[in-house]
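Working notes, structure below.
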Number of protein chains: 2
Amino acid sequence: MVVEIRTRLAQNVRRLREARGWSQEDYADRAGIHRTYVSDIERARRNPTITVVEKLAQPLEVTASELIA
Amino acid sequence: MVVEIRTRLAQNVRRLREARGWSQEDYADRAGIHRTYVSDIERARRNPTITVVEKLAQPLEVTASELIA
DNA sequence: CTGTGACTTTTAGTCCGTC
DNA sequence: AGACGGACTAAAAGTCACA
């Protein structure tokens, strides 16, 4: 892997969230995830399970697959 | 989600592994994962982390993203 | 609004088996 | 060859107070 999968997820989440003009807190609420957990994800500090990736994908209207691409 | 993400992963893994003619154990060794875990994954009993999905993807020469698509 | 350390509970993931 | 169980350890899930 050239770029760590966690880093790709982090970048995709932050990019798409910001494109929608949402704060981490707004986004976290929409995704049903804690605000600080989103913060950790965007800094690639966590190694989430695929169900969390799916939760992250839903409010962004993308697939889980796209988030780790 | 129409089909559970775990189910999609399970189906993709099993299909691609069998296409290569590998046993679960052969595959597990190549992926650096325990054989019982591969068995659980293919039966959609587990909720793996994204790093495990990447490990699963490597010997199959596909991306982690493809495995959960 | 976001980052971070610390924390408890839950589950991922391993390893031993048997059927 | 693969399903499945039990017991275990490592790590993720999930939350909080505070910077």
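Throughout, protein chains are lettered first and strands after them, A, B, ... in sequence-line order, and every chain is numbered starting at 1. Worth saying up front: this structure is predicted, and the values here are computed from it rather than measured.
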* Asked: If only atom types and distance count, is the side chain of R8(A) paired as donor or acceptor with the main-chain N or O of L67(A) below 3.5 Å?
  -> no
* Asked: Looking at residues 14-29 of chain B, who's got a heavy atom less than 4.0 Å off DNA chain C?
  -> none
* Asked: Distance-only, no hydrogens or angles: does the Y27(A) side chain make a donor-acceptor pair with backbone N or O of P59(A) under 3.5 Å?
  -> no
* To do: Keeping to residues at least two apart or across chains, list the salt bridge (Lys or Arg N to Asp or Glu O under 4.0 Å) pairs with something in residues 10-22 of chain A.
  => R14(A)-E42(A), R17(A)-E42(A)
* Walk along DNA chain C from 5' to 3' and tell me the first and last nucleotide with an atom closer than 4.0 Å to a non-hydrogen atom of chain A. => dC1(C) to dA12(C)
* **Derivation of the side chain to side chain contact (heavy atoms under 4.5 Å, CB included) call for W22(A) and L16(A)** => CA-CA 9 Å; W22(A) 298 336; L16(A) 294 167; over 6 Å; no
* R35(B): what forms a salt bridge (Lys or Arg N to Asp or Glu O under 4.0 Å) with it, not counting sequence neighbours? -> none
* To do: Not counting sequence neighbours, which residues clear side chain to side chain donor-acceptor pair (under 3.5 Å) with R46(A)? List them please.
  => D40(A)
* Asked: When you measure from every atom of DNA chain C, which of residues 62-69 of chain B have a heavy atom less than 4.0 Å away?
  -> none
* Which atom of A28(B) lies closest to which atom of V38(B), heavy atoms considered -> CB-CG2, 3.7 Å
* Provide the full list of salt bridge (Lys or Arg N to Asp or Glu O under 4.0 Å) pairs with a residue in residues 22-34 of chain B, sequence neighbours left out, each pair given once. => none
* How does each nucleotide of nucleotides 14-19 of chain D score, in 5' to 3' order, for protein heavy atoms under 4.0 Å: base (B), sugar-phosphate only (S), or none (-)? -> BBBBB-
* **Pairing residues for Q11(B) by the side chain to side chain donor-acceptor pair (under 3.5 Å) criterion, not counting sequence neighbours** => none
* To do: Kindly state each residue pair satisfying salt bridge (Lys or Arg N to Asp or Glu O under 4.0 Å) with at least one member in residues 55-69 of chain A, sequence neighbours excluded.
  => none
* Are T49(B) and P48(A) close enough that some pair of their side-chain heavy atoms sits under 4.5 Å apart? -> no
* To do: Hey, could you give me the CG/CD1 distance between N47(A) and I5(A), rounded to the nearest 0.5 Å?
  => 8.5 Å
* **Reported CD1-to-CD1 distance for the pair I41(B) and I33(B), which is rounded to 0.5 angstrom** => 7.0 Å
* Structure fact -> With sequence neighbours left out, the residues meeting side chain to side chain contact (heavy atoms under 4.5 Å, CB included) with S65(B) are S65(A), I68(A), A69(A), T63(B)
* Structure fact -> Whichever of P48(A) and S39(B) has the more 5' nearest nucleotide on DNA chain D, that residue is S39(B)
* Asked: More 5' along DNA chain D: T51(B) or R43(B), using each one's nearest nucleotide?
  -> R43(B)
* Asked: How far does the helix from dT2(C)-dA19(D) to dC19(C)-dG2(D) bend, going by the axes of its first and last five pairs, to the nearest 10°?
  -> 40°
* R6(B) bridged to E54(A) by N-O distance under 4.0 Å -> no
